[in-house]
Structure formats: C-alpha cells, structure tokens
2 protein chains.
Amino acid sequence: MDRALVDVVRRFNRTVTQRVGALDDSYLARDRPLAQSRLLWEIGPEGAEVAALRTRLDLDAGYLSRLLRTLEGAGLVVVGPGEGDARVRTARLTEAGRAEWELLDRSSDDLAWSMLAPLTDGQRTRLTAAMAEVEHLLMASLVAIEPCHPGEPGARACLRAYARELAARFDSGFDPDSSGVDDHEVVPPAGLFLVATVGSEAVGCGAVRLPSGEPAEIKRLWVSPSVRGLGVGRRLLDELERHAAAAGADSVRLDTNRSLTEAIQLYRRSGYREIPPYNRNPYAHHWFAKSLT
Amino acid sequence: MDRALVDVVRRFNRTVTQRVGALDDSYLARDRPLAQSRLLWEIGPEGAEVAALRTRLDLDAGYLSRLLRTLEGAGLVVVGPGEGDARVRTARLTEAGRAEWELLDRSSDDLAWSMLAPLTDGQRTRLTAAMAEVEHLLMASLVAIEPCHPGEPGARACLRAYARELAARFDSGFDPDSSGVDDHEVVPPAGLFLVATVGSEAVGCGAVRLPSGEPAEIKRLWVSPSVRGLGVGRRLLDELERHAAAAGADSVRLDTNRSLTEAIQLYRRSGYREIPPYNRNPYAHHWFAKSLT
DNA sequence: CATAATTCCTGACTTTAGTCAGGAATTGCG
DNA sequence: CGCAATTCCTGACTAAAGTCAGGAATTATG
C-alpha cells in the first residue's frame, strides 16, 4: 500500500467527491426533495421499469413506491403495466414531468458549465481529459466479480442483455432457447457462473462447464458496453480458467460467432488458439482452445 | 458552451461523484449517523473550535450543538472552554474518541486502497495523476468572488490571515493597525471589498479605494496558500480594476513590499508599471500603476 | 388447475437531518 | 460599570429518509 498514492486518492475523495457531490445535489434538488428529483431524473423521457429503478437507485421497494405515488400525485409521472410481464410496472413521464426533466437536464448542463467557465481553453481541455481518465480507471476498480447462481436477478439481466445483443449482431439472428446450456451445468460442482457488478448493477457475466472426461468449456461471456475496454472480460475469463484448472481440467475450449470481434481478440490475446469444430453449434464460426497445464 | 466538454463533466459528476461519494459516506458511517462521523472526523486528534467546525461543515449552531452533545454522551468527545476567548468553545477527542477517529482514518485508507488495488502499477500512476489534476483545476472553478463588507466574518478571517502572513514575511515585521485603510474607505461608493470563497471558506480578498480626484488604489490583495497558482489573485485584481473603471477612475495604483514576489509578478503580468513612490508607507518598496483607459 | 414465486403497493413505524426562537455566559466598548 | 455583540446551548418543531411486515395482482411451475 503506497502511502503517497493513497493520500492523493483520499484527498480526491474528500474534496472533489464531497464538494462537487453536494453541489450536484443542490442543483438537482431545486424545490423538490432530493430523492424525488433523482427518481424523476432516472425515469427519463424514455420511461423506465420500476424494477430497474429500484436496482439503479438502490431503494427499498416500499420507499420507491411511495416516491412514485408522490410524483404521480404531482402529475409528473404515470405508472402503468409493463409491456410483457404485467407485474413489472413501467413509469413514464407526463407532459409536465417531461418539462421538469428537461429543466433538470438544463440545470445539470449549467452546473457542468459553471465548472468550466472560469478556466482558460487549455485548462478546460486538461480538466476534461483528467476527468475522463479518472472515470475510466475508477470504473475498472469498482467492478466486482463474484460467483452467483445463473437464476439470480443480476445474472438473468446479463443473460437477457447477452441474448439481445447476439440477436442484434448475428446475421442469422439468435434464438436464446437453442443456446444449449442448462443452468445446472454451470452450478457447482458441474460448472461455475460469474457476474461482474458495479454497485448494484450487473455489467458482465461468464460461465464455465466442467463435463467429466472432456475439456472445460467457456460459455456466455458477456460484458456490458458501459464497461468495455476496462479489462472486465479478461478478468472474468481468467477467473473462469482458474476455476477450471482448480477443478482438474487440463484445457478449456469455446466457440464463438465471427461478428463478436472484441471477444475473438480477447481469446487470442489470452493465449487461445483456433481449433477445428468440436460441436455443431449453428451460430459458431470459430472454435478456440487453450491448455491450462 | 462546448457540448462535448459539458458531457464529459456531467458524466464525471454523475458516476464519480455519486458512486465514490456514496462509498465514501458508507465507509465513514460504519454504525453511527453520517453527520456524527463527519463531525468526529473533523474534530480530529488536535481538537477544534466549535466555531471552526460550524463553518467547515456548514451546520446550524443548534444542530451542531446537539451533535456534540450526542458525541459527548457517547464518551467520545469533551467540549471545554477555549484558550483565549471563553465563548469560543473547543471540542477535543477523549481516549475512546481518538480510537474511533483512528478507525475512521484506517477505513478511509482502506477505501482509497480498494480503488487502487485492482489496477496495474501504470494505471495507478495514471489514476492518481488524473485525480490530482482534477482536484487542482476544480478548485479553481469552485472559487466564487463576491463583494462583501470588510466587517463580515469571512472578510475578517482573510484580513487576519493577511496580517499574519505579512508579519511573518516582512523583514521588519508588520503592525496591522498602521495599514492605513479604514473599512469605510472600501465600502461603496467610496470603494469596494471583494472576498473569494470556496464553499463556505474564505480563501482570498482584495479591496479598492476610489478617492475623488486621485487614481484608484488597490489594497489588501491576498490569496490563501491553499489556492495559490489557480488564478484567483488575477481574478480579484481584474474585478477590482473593472469596478474602478466603472466608477470613472482613469488609472489604478498600489504599493507593495519586496518580499511579496508572487504579487509583484502578478502586477507586472497584469500590465502594471513601476512608478516613483506616491506615499510614505513604511512597508512599501515598490509602487505600481496601470492605466485603465 | 392449484401452488409457489415475483412484483409491487400500503400502512405503520423509526431514525436522521435540519430549522428557529429564545436564553445564558462571556467579552468588547464607550 | 452598563450595554451591545458574540458564541453557544436548549427546547420545540418539521421534513425527509429509510425500514418492515403484510397483502393484492400477476405469472411461472409442477
């Protein structure tokens, strides 16, 4: 633990985080309680599912419900049944709510600009570059990777996002039911499922099957666009390989679609070599393997 | 207003400020209300005057008093009469309070380290450098400059610090009573007094006299060491000159001591030229003037 | 189709934060 | 010394934040 570096981080936490955070809150709060403003902001012009709001803002279900009722009472929001599942309700802004949201949006712009305004052009460039760097690197250290049952909500969310993304990127589309991995295959001791989270939001996942007598197989490796390029995929892959090796696997293999170029790059950089097809996965164009010994 | 830069700042405010801020708070809060922890932390092993705590934490006198009573009740703090003025009370940590403080200190270290731990050495260096840069430049934009009566507490604090600094830096020492400016000379319309503040803390001041029939005169320009090099002195000076020009002054002049090298540099860079003595100030070695037309 | 699980809502709380007016002790000033 | 200013304390509030148990509507599951 490097004293000098820790001191810089502490100083940063103290001054920037508190001072700017307080400012940000006061800009947001205007004349409404802070929690209401935050919620209104988070719903946004697109609307949002109540469940999503709960995890994003990390609120108690009862408290959130009450906040929504208040906003509804003020005529800013309507909560209606969701598209698919009628239990998952969706909050949308009314005309008035949208106007309020735009006001918040503008005042957030104002705050940002007030930080840049007193600086020279050169200082502005330096400040924003440094901010982007801090954000980027901090994100990396806020990602936590943990084993998890594939049925848990965070895992589910990742798998849904994974399927959506494959459906969008594959030329042939993608049918999630044909993915050919059952939950129980990636639950210990048959395998392992990992999720990467930032705060309470799941931002990545990955699984490994450990069939007896066969090489281990990596499945469902996915990283949210919001944290790509921060080494999360690499960390998930490493962790899965470590688990496979600890479980006695000599090698690990996987298949992938040609449209997933970032993943293919990751596999090559991690020491995977292309091999002939070992299965008949209709979505696969490339098959890779890596020795763990 | 540059859209791209504003977006970077907003993203930074949102993710870094909120997420790290919340983390920081939760580390601090442990099992005590946040306000109590913050107060305990702010008192520190050295102890602190209640008045100082009030301005630093920006708390209501009644609320602060109640918080202190609670900490006292928990046996963590004792509040006793101050050294000089018995109205200004001083809070000190007890043995137990000190132990709690050290716990907070250590957990703050832990938090900082947890941000650095998942990074490579190179990334750590980049992160801390970027943090320092953000902090430095943000400080500049959080400085607000406003007119103020020289009798107000913030102004008083600056003038005291100013006098202390002059006494320390002048070879001959410095007697504040001989400074030769009465408050009423720098109150509109006879003149103007400005203070620079960060949050609720005063970090700089400056005044201008507007004697009729004479050039305007800059007095008591001071910037706290904590924000030197950020252009605060320049902004104060510019503002004072603008006011003098608006009041009809053709030129502005000032005197200064040879030990105040940063100030002398500032004057030269701002277009001031050295002139012969225009007064008999015993502390002055240089006299400067600048035309405002 | 009954049962279990999910998702949200409601009511009844507690705790924390924050405000304000009034009063006591101390100090500065004429 | 007497009066005003300063500094803090106390009591009596209000508002916001947060928690928890129980219940209704909907959907999955055997």
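Source: prediction; values computed, not measured. As a basis for the values below, the full set of heavy atoms in this structure was taken, side chains included, without hydrogen atoms, waters or symmetry mates.
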Below 3.5 Å is the cut-off: list the nitrogen or oxygen pairs between protein and nucleotides 10-13 of chain D, distance only.
| unit_1 | atom_1 | unit_2 | atom_2 | d |
| --- | --- | --- | --- | --- |
| dT10(D) | OP2 | R69(B) | NH1 | 3.2 |
| dG11(D) | N7 | R66(B) | NH2 | 3.4 |
| dG11(D) | O6 | R66(B) | NH2 | 2.7 |
| dA12(D) | N6 | R66(B) | NH2 | 3.2 |

Check: protein-nucleotides 26-30 of chain C nitrogen or oxygen pairs below 3.5 Å:
| unit_1 | atom_1 | unit_2 | atom_2 | d |
| --- | --- | --- | --- | --- |
| dT27(C) | OP1 | A86(B) | N | 3.1 |

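Here the side chains of N13(A) and M115(B) are in contact, with some heavy-atom distance below 4.5 Å.
The separation between Q36(B) atom CD and dG18(C) atom P is 13 Å, rounded to whole Å. R32(A) places its CZ atom 17 Å from the P atom of dA15(D), with the value rounded to the nearest Å. In this structure, CG of L34(B) is placed 15 Å from C1' of dA16(D), rounded to the nearest angstrom. Note: CG (L64(A)) to P (dC8(C)) measures 8 Å, nearest angstrom. Computed from coordinates, the D25(B) CG to dT16(C) P distance equals 15 Å when rounded to whole Å. Separating the CZ atom of R54(B) from the C1' atom of dC20(C) is a distance of 14 Å, rounded to the nearest angstrom. As rounded to whole Å, 13 Å separates atom P of dC8(D) from atom CG of L59(B). Following rounding to the nearest Å, D31(A) (CG) and dA15(D) (P) show an atom-to-atom distance of 15 Å.
D60(B) pairs by the side chain to side chain donor-acceptor pair (under 3.5 Å) definition with nothing, not counting sequence neighbours. With sequence neighbours left out, the side-chain contact (heavy atoms from CB on, under 4.5 Å) criterion links A99(B) to no other residue. Taking P33(A) as the reference, Q36(A) meet the side-chain contact (heavy atoms from CB on, under 4.5 Å) condition, with sequence neighbours excluded. S65(B) meets the side chain to side chain donor-acceptor pair (under 3.5 Å) test with R69(B); sequence neighbours excluded. For D105(A), the side chain to side chain donor-acceptor pair (under 3.5 Å) criterion is met by R10(B), not counting sequence neighbours. W41(A) meets the ring pair (Phe, Tyr, Trp, His ring centres under 6.0 Å) test with W101(A); sequence neighbours excluded. Among residues two or more places apart in sequence or in another chain, the side-chain contact (heavy atoms from CB on, under 4.5 Å) test is passed with A96(A) by L76(A), T94(A). The side chain to side chain donor-acceptor pair (under 3.5 Å) search around S224(A) returns S226(A), not counting sequence neighbours.
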Just list the side-chain donor-acceptor pairs under 3.5 Å for residues 20-30 of chain B, sequence neighbours left out, or say none.
| unit_1 | atom_1 | unit_2 | atom_2 | d |
| --- | --- | --- | --- | --- |
| S26(B) | OG | L23(B) | O | 2.9 |

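Judged by distance alone, with hydrogens and angles left aside, the side-chain atoms of T17(A) form no donor-acceptor pair with the main-chain N or O of R14(A) at under 3.5 Å.
Residues from residues 37-50 of chain B that place a heavy atom under 4.0 Å from any atom of DNA chain C: there are none.
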